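Below is one structure, written out as structure tokens; the observations come after it.
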Amino acid sequence: MKKSSHRSGMAIWGWPSLVGLLSGVGLVSGLFSDGGVGDVLAGVCLAVPVAVGAWFGWIRRGAAADSR
Amino acid sequence: MHNKTIRIWAWIHKWSSLVCTAFMLLLCITGLPLIFHHEIGHLLGTEVEAPPMPADTPRISLDQVLKIARAQHPDRVVQFVSQPEDSQDLWFVTMTPTPAPTDDFRSVAVDARTGEVLAQPRFDEGFMWVMFKLHVDLFAGLAGKLFLGLMGLLLLVAVVSGVVLYAPFMRKLDFGTVRRDRRPRLKWLDLHNLLGIVTLVWLFVVGATGMINTWADLMIKYWQYDKLSVLLAPYQGQATVPVAERASVQRSLDVALRTEPGMQLSFVAFPGTAFSSPHHTTFFLRGDQPLTSRLLQPVLVDARTAEVTASPRLPWYLTGLLVSQPLHFGDYGGMPMKILWALLDIASIIVLGSGLYLWLRKGRTGGQHKAETPKAPQPAEGIA
């Protein structure tokens with residue numbers, strides 16, 4: 001963990017912006033589709049916040065512990 | 001950002017969340033089973049389905065259906081009639097003591113082909129009903145709805161202020177850092193920030209659309225007052241049309257469907273009920289495209305003459321309400337979306353719970369209070 005350097009705005013907001021944008025695309029795309037491409041896109045995009053949360057929150061730590 | 005600005009946002013975040021957290025936890029927890037209400041209904045066997053028959057089996061008239069339902073509950077009046085979204089083989093007839101809004105209703109499911117009473121499902125009891133009422137109005141009617149709407153507004157304030165505070169907290173941390181090797185409070189702070197920022201857009205949208213939903217009753221009332229009162233002026237002073245003087249409902253339905261070609265019936269509101277006028281049977285039609293199937297087109301048919309009085313376009317605020325509903329329910333992308341909705345809901349519960357925990361821990365360690373506010377935003381060491 002780096003402690004000295006301050007993160008730039010890009011470093012802080014890069015991931016959150018991407019996750020937020022994909023969440024938005026997912027929420028909207030499903031509205032225009034009934035069992036079609038839009039629903040698949042919605043599923044993939046809305047899986048991103050879940051996956052990112054799970055990875056950084058729990059999975060990564062488990063993986064790190066295993067490799068030690 | 002100046003320390004003073006950060007302190008102001010921290011204050012806003014703390015108090016907006018503290019006031020609404022208990023209710024938001026309730027909403028997240030009761031909302032979880034509601035995401036799967038169809039599936040749970042199937043499992044519990046409370047979901048009514050019409051037995052399969054050839055598609056061209058003739059259907060009985062809607063008047064016949066009403067007669068059959070009234071015979072089941074001669075002491076009640078018909079408020080609404082609807083068909084499930086995915087089947088025209090079934091009618092649900094909602095019966096109440098009077099046309100006024102009430103929780104005292106009976107539902108009669110009638111086979112649209114045979115006229116057989118398939119079931120009288122009770123939607124007003126059991127586990128799912130309790131979940132539903134706690135989620136929608138805390139068993140307190142309009143006041144409960146508006147109160148939960150206010151809590152929803154506070155949630156939105158908490159979300160926005162949380163986003164503002166995210167940057168100062170993350171200034172010295174990589175995205176997704178969870179410091180587990182120190183005090184548990186630090187771990188939960190990091191998880192709170194991580195899950196809070198990844199669920200941000202979803203929680204904001206679900207919170208905002210939920211809040212809009214709490215205004216539904218008021219919007220409908222306003223629309224009736226604003227627009228329908230003009231249409232109903234010629235009927236002023238007339239009493240609700242008695243059942244015996246009403247024209248055929250089937251004929252009225254046919255007329256309504258002819259007025260709006262390409263639309264299907266969603267539900268019928270009978271004279272004197274909250275969604276109609278005392279003089280009209282109102283047919284709410286919907287489109288057949290993914291988005292238009294959510295939008296309703298009311299057709300007011302004179303209850304005596306079966307002639308169309310008007311089919312007014314919905315105002316923007318009711319259109320907005322109807323479009324916002326799927327964004328709250330998460331019911332527009334099949335099972336994968338429902339599962340993601342549930343996972344995001346659980347993530348939100350963790351955000352709420354960890355937020356509460358962080359505040360409680362701060363309270364207990366009293367003396368450290370000042371050092372724990374993000375006034376010195378050095379989360380790696382300064383806040384701890």
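Side-chain atoms are counted along with the backbone in the values below, which use heavy atoms only and exclude waters and symmetry mates. Every value quoted in this text rests on a predicted model; they were computed, and no experiment measured them. Below, read A as the first sequence line, B as the second, and so on, with proteins coming before strands; counting in each chain starts at 1.
Rounded to the nearest 0.5 angstrom, A:Leu27 CG and B:Leu340 CG are separated by 10.5 Å. The distance from atom CG of B:Asp174 to atom CZ of A:Phe56, rounded to the nearest 0.5 Å, is 9.0 Å. We find the CG-OH distance between A:Asp34 and B:Tyr332 to be 13.0 Å, quoted to the nearest 0.5 Å.
Heavy atoms of B:Arg294 lying under 4.5 Å from chain A are absent altogether. Only the side chain of B:Ile350 has a heavy atom closer than 4.5 Å to any heavy atom of chain A. Only the side chain of B:Pro326 has a heavy atom closer than 4.5 Å to any heavy atom of chain A. For B:Leu195, the part lying near chain A is the side chain, with the backbone staying farther off; criterion is any non-hydrogen pair under 4.5 Å.
Contact detail for B:Val198 and A:Pro49: the closest heavy-atom pair is O-CB, 3.3 Å. The two residues A:Arg7 and B:Lys172 make their nearest non-hydrogen contact at NH2-O, 3.8 Å. Here the shortest heavy-atom pairing between B:Met337 and A:Ala42 reads CE-CB, 3.7 Å.
For B:His38, the NE2 atom is loosely surrounded, since the number of other residues' heavy atoms within 6.0 Å does not exceed 12.
Taking B:Ile346, B:Val323, B:Leu194 one by one and counting their heavy-atom pairs under 4.5 Å with chain A, the maximum is reached by B:Leu194. Counting heavy-atom pairs under 4.5 Å between each of A:Ser33, A:Gly24, A:Gly35, A:Ala11 and chain B puts A:Ser33 at the top. Counting heavy-atom pairs under 4.5 Å between each of A:Gly36, A:Ser29, A:Pro16 and chain B puts A:Pro16 at the top.
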| request: With side chain to side chain contact (heavy atoms under 4.5 Å, CB included) as the test, would you mind laying out the steps for B:Ile197 and A:Trp13 before giving the verdict? | output: CA-CA 10 Å; B:Ile197 205 73; A:Trp13 290 111; 3.9 Å; yes

| task | Check the pair B:Trp202, A:Val19 against side chain to side chain contact (heavy atoms under 4.5 Å, CB included), reporting the backbone distance first and the verdict last. | result | CA-CA 10 Å; B:Trp202 179 84; A:Val19 171; over 6 Å; no

